[in-house]
Amino acid sequence: MYLEAQQHLLARVRELIQTKYSVELGPIAIEQPPDLKLGDFALPVAFELARKLRKAPKIIAAELAAALTASPDPQLPATFESAGAGYLNVRLDRAATAIAILNAEGRPPSAKDHVLVEHTSINPNKAAHVGHLRNAILGDTFVRLLRANGQKVDIQNYIDNTGVQVADVVVGFLHLEGKTLRQIREIIAASTGDPDQRELRFDYICWELYARVSQWYEASSEEENKQRKALRYATLHEIEAGNNETADVAELISTAVVKMHLDTMLRLGIEYDFLPRESEILRLKFWDVAFDQLKQSGVLYLETEGKNKGCWVMTRPESGKAAKTTEGETDEDAKVIVRSNGTVTYVGKDIAYHLWKFGLLGRDFAYRPFYAYDNHVCWISTTDGVEPHPHFGGAQAIYNVIDSRQSDPQANVIQALRGMGHTAEADRYTHFSYEMVALTPRCALELGYTVSEEDQARPYIEVSGRKGFGVKADDLIDKLIAATRKETDQRQPDRPEAERQQIAEQIAIGALRYFMLKFTRGTVIAFDFKDALSFEGETGPYIQYAIVRIRNIFRKAETTPEAALAAFAALTSLAGTDQVMLKEMDEIWAIWLRAAKRSFTLDQAIQTSEPAFIARHVFQLSQEFNNFYHRHHILTEEDPARKTLLLATAAIALRELITLLGWLGIESPEAM
RNA sequence: GCACCCGUAGCUCAGCUGGAUAGAGCGAACGCCUCCGAAGCGUUAGGUCACAAGUUCGAAUCUUGUCGGGUGCACCA
């Protein structure tokens, strides 16, 4: 409703300026004054008019205010005044606005687009770490925002089950450990079942082994290292080819690890609809179809000269050169898509995959169910699937949650789509990029890693799977739950054990999700346990605590938020009283105005792909509520009309807090 | 060398479609539980918005340049 009010107001002001001064303005700026005392909207429009009209901004603002006041608008009751050096300030009629906020039922689903969000996409060869948590939490939250906006969203988690990283762990099991297929199956059986039964977690075993293999490739004489690398690529090729024992081992390992990743993410409330795997992109020959299309559209051309001779290449987006180089010249910067030996590169496979995402490939995966959630099933790609199955792909818009280091290959894919004439798709392809999570040197030392002098001087150190350097996701979650459990045990001694545990988990997950969301995407998170394990100040638990307080008030008042809001609406229909009450109490009005801005903020967050806007918005609302809470004692208020207002304000705050936290994937505990 | 991201309070970060005294959290000092839960609230201290030019009535915000930090730029995935 905030956005609508703004637009309505702007249209009115524009019309006024045109009739009064005969001036046609471009976009008119509108903002919120630094203090609620000054009003709800501020328009600096008089500054711009000052020169054209040769008049002081203050005078113009005053004239505009007078004219607007002279012709009241029943659709947007408000008062107007000139303020500061020449702002035109607008004060909404608080009672009327409050009623509008009360009645605002979530926006009607505007867009019916079928949107596809890809996130998580962890190499299935080791345990998930903090960096993956940022990815999954950002992606999952963004999905919730899109759905709140009425869009139909499919969530995909791409599984690179035939890449070098998986190959490395296969090399580890088969050649470093000398295990057979059968033994590996036993290891998996013993390390993936019931958490209380298993001794080691399979993904942790792989984490350690992957680091060991990576070192092993470098650990011997030059000659022998060369042989070890050869083994690595031989293994990779067997996995890619399929239908052999090495490929079977890879399949076993990657599937087991993927299941554990899904378990980990489910602890955070993160679910998926479909897991497309690279093995099917290979076996179902997505590339062959894409290759034809790419050749036909002229995006790819066969290089005949220079270092890329014999390769099918694509002009890079930034190079600015024409698709084909002028005669005699070769584009040495061109991106190789098909190698001179005929094999396709990663970007090539990615182009094929993205044609599928948009329904442009003309070929589909086969599907089978893979992982069961409470209300739905996550499907996985396969070569011969089951019928019936849901249909994935064919989206109108896609978002790829991938860290910023991959922006070059992402740009290549977009460039290919555009080159093929799929400009609408290219425009609706969003690389939802974010910076990595690194560790502070202190954190690295705390974890027992040796840190070089040089690294200790740096602000942060990049995590590395190859070095086994990083904080594992489940370790972090366990640590958070242990810390919150300690608190709930102390604060809620009378509650049953199961309830204390549930509350502790809600708070721990709230803290973790909020921590990952409060930073804007472009900020490198220098991870530190001290910050991540904090439950005070700008944290998830701070917001949850505000909710618990409000719930306690309603419990003790022996009424419900719904009843409080109904009572307020009834009271407000008797003109006057509420006006007086809201007038001088900005700390109350702040909460109502915040509520009014909900869909406005959601819009902003989606437009900019920035969930941090919502995180900040809900934190500010919590602060505003706490401020209100300490100034007004609700339960002991004796004036009934005033008590009605206070209860309704608490009810609105509660409604907003629960909704907004829900968008962030954070639960609202009953007590804490 | 080229591209992208970052440089704002002691620390970690918001603010960047140009607009009114540059904000929050943490940390520091002090204060507030006979009063709806102190995982809370209040007060104070703390800033040449990296630097320099330019555009503008107005620049943390836009442009250019410089410096510092990070990340990409394979016939790897």
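Chain identifiers are assigned alphabetically (A, B, ...) following the order of the sequence lines, protein sequences preceding nucleic acid strands; residue numbering begins at 1 within each chain.
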TODO: In whole angstrom, give the distance that lies between atom CZ of A:Arg51 and atom P of B:U56.
DONE: 9 Å
Open item on the list: Looking at A:Asn626, I'd like to know whether one of its side-chain N or O atoms comes within less than 4.0 Å of OP1 or OP2 on B:C41.
Closed with: yes
Open item on the list: At 4.0 Å (heavy atoms only), tell me whether A:Ile507 reaches a base, stays on the sugar-phosphate, or touches nothing.
Closed with: base
Open item on the list: Please pick, from B:G15, B:A74, B:A38, the nucleotide with the shortest atom-to-atom distance to any side-chain atom of A:Thr520.
Closed with: B:G15
- [ ] Report yes if the ring of A:His633 lies under 5.5 Å from the six-membered base ring of B:C35 with planes under 30°, and no otherwise.
- [x] no
TODO: Compute the ring centroids of A:Phe41 and A:Tyr2, then answer whether they are less than 6.0 Å apart.
DONE: yes
- [ ] Flag the pair A:Arg405 and A:Glu462 as a salt bridge only when some basic side-chain nitrogen lies within less than 4.0 angstrom of an acidic carboxylate oxygen.
- [x] yes
- [ ] Please tell me which of the listed nucleotides, B:G70, B:G72, B:A39, lies nearest to the side chain of A:Arg491?
- [x] B:A39
Task: Closest listed nucleotide, where the reference is the side chain of A:Gln406 and the choices are B:A77, B:G70, B:A20 - done: B:A77
Task: Partner nucleotide, any strand, of B:C13 [Watson-Crick/G-U, under 3.5 Å] - done: B:G23
Open item on the list: Which residues in residues 540-552 of chain A have a heavy atom closer than 4.0 Å to any atom of RNA chain B?
Closed with: A:Tyr542, A:Tyr545, A:Val548, A:Arg549, A:Asn552
Open item on the list: Can you confirm whether the side chains of A:Glu435 and A:Ser404 place a donor and an acceptor under 3.5 Å from each other?
Closed with: yes
- [ ] Verify whether one side chain among A:Asn400 and A:Tyr158 offers a donor that lies under 3.5 Å from an acceptor in the other.
- [x] no
Open item on the list: Can you tell me which nucleotide in B:A77, B:C36, B:A24 comes closest to the side chain of A:Glu538?
Closed with: B:A24
Task: No-hydrogen, no-angle side-chain donor-acceptor test under 3.5 Å, A:Gln620 and A:Glu624 - done: no
Open item on the list: Whether the A:Asn552 and A:Arg555 side chains hold a donor-acceptor pair (N or O, under 3.5 Å, no angle test) is what I'd like checked.
Closed with: yes
- [ ] Rounded off to whole Å, could you give me the NE2-to-P distance for the A:His431 and B:G72 pair?
- [x] 13 Å
Open item on the list: What contact category does A:Asp528 fall into here, base, sugar-phosphate, or nothing, at under 4.0 angstrom with non-hydrogen atoms?
Closed with: nothing
- [ ] Take atom CG of A:Leu36 and atom C1' of B:A20, then tell me their distance rounded to the nearest Å.
- [x] 15 Å
Open item on the list: For B:G25 and A:Gln623 - does any side-chain N or O of the residue sit under 4.0 Å from the phosphate oxygens OP1/OP2?
Closed with: yes
- [ ] Would you kindly give the CG-to-P distance between A:Asn412 and B:C73, to the nearest whole Å?
- [x] 10 Å
Task: d(CE, A:Met672; P, B:A38) in whole Å - done: 12 Å
Open item on the list: Which residue in the set A:Tyr301, A:Phe291, A:Trp287 passes ring pair (Phe, Tyr, Trp, His ring centres under 6.0 Å) when paired with A:Trp312?
Closed with: A:Phe291
TODO: Round to a whole Å and report the spacing from CZ of A:Phe619 to P of B:G15.
DONE: 15 Å
Open item on the list: Does A:Pro57 reach a base, just sugar-phosphate, or nothing at all? Heavy atoms under 4.0 Å.
Closed with: nothing
Open item on the list: Looking only at side-chain N and O atoms, does A:Tyr514 offer a donor or acceptor that is under 3.5 Å from a partner on A:Gln544?
Closed with: no
- [ ] Would you mind reading off the distance between A:Arg54 atom CZ and B:C57 atom P, rounded to a whole angstrom?
- [x] 13 Å
TODO: Using only heavy-atom distances, determine whether the side chains of A:Tyr217 and A:Asp168 contain a donor-acceptor pair under 3.5 Å.
DONE: yes
TODO: State which of B:U21, B:C36, B:U71 makes the closest approach to the side chain of A:Pro34.
DONE: B:U21
Task: Ring geometry between A:Phe628 and A:Phe625 (parallel below 30°, tilted from 30 to 60°, perpendicular above 60°) - done: tilted
- [ ] Measure across A:Ile461 and A:Pro441 and return the closest heavy-atom pair with its distance rounded to 0.1 Å.
- [x] CD1-CA, 3.9 Å
Task: C1' atoms of B:U63 and B:G18, separation to the nearest Å - done: 13 Å
TODO: May I ask you to evaluate whether A:Arg466 reaches the phosphate of B:C76, defined as a side-chain N or O under 4.0 Å from OP1 or OP2?
DONE: no
TODO: Report which part of the nucleic acid A:Arg555 touches: base, sugar-phosphate, or nothing (heavy-atom distance under 4.0 Å, all strands).
DONE: nothing
Open item on the list: By nearest atom, which of the nucleotides B:A77, B:C75, B:G42 is closest to the A:Asn627 side chain?
Closed with: B:G42
- [ ] Check RNA chain B against residues 608-618 of chain A and give the residues with a non-hydrogen atom under 4.0 Å, in numerical order.
- [x] A:Phe613, A:Arg616
Open item on the list: With the 90 degree cut-off around zero defining syn, does B:C26 come out syn or anti?
Closed with: anti
Task: Whole-Å distance separating the CZ atom of A:Phe519 from the P atom of B:C5 - done: 20 Å
Open item on the list: Measuring from the side chain of A:Thr523 (C-beta onward, heavy atoms only), which nucleotide among B:A14, B:G25, B:G72 has the closest atom?
Closed with: B:A14
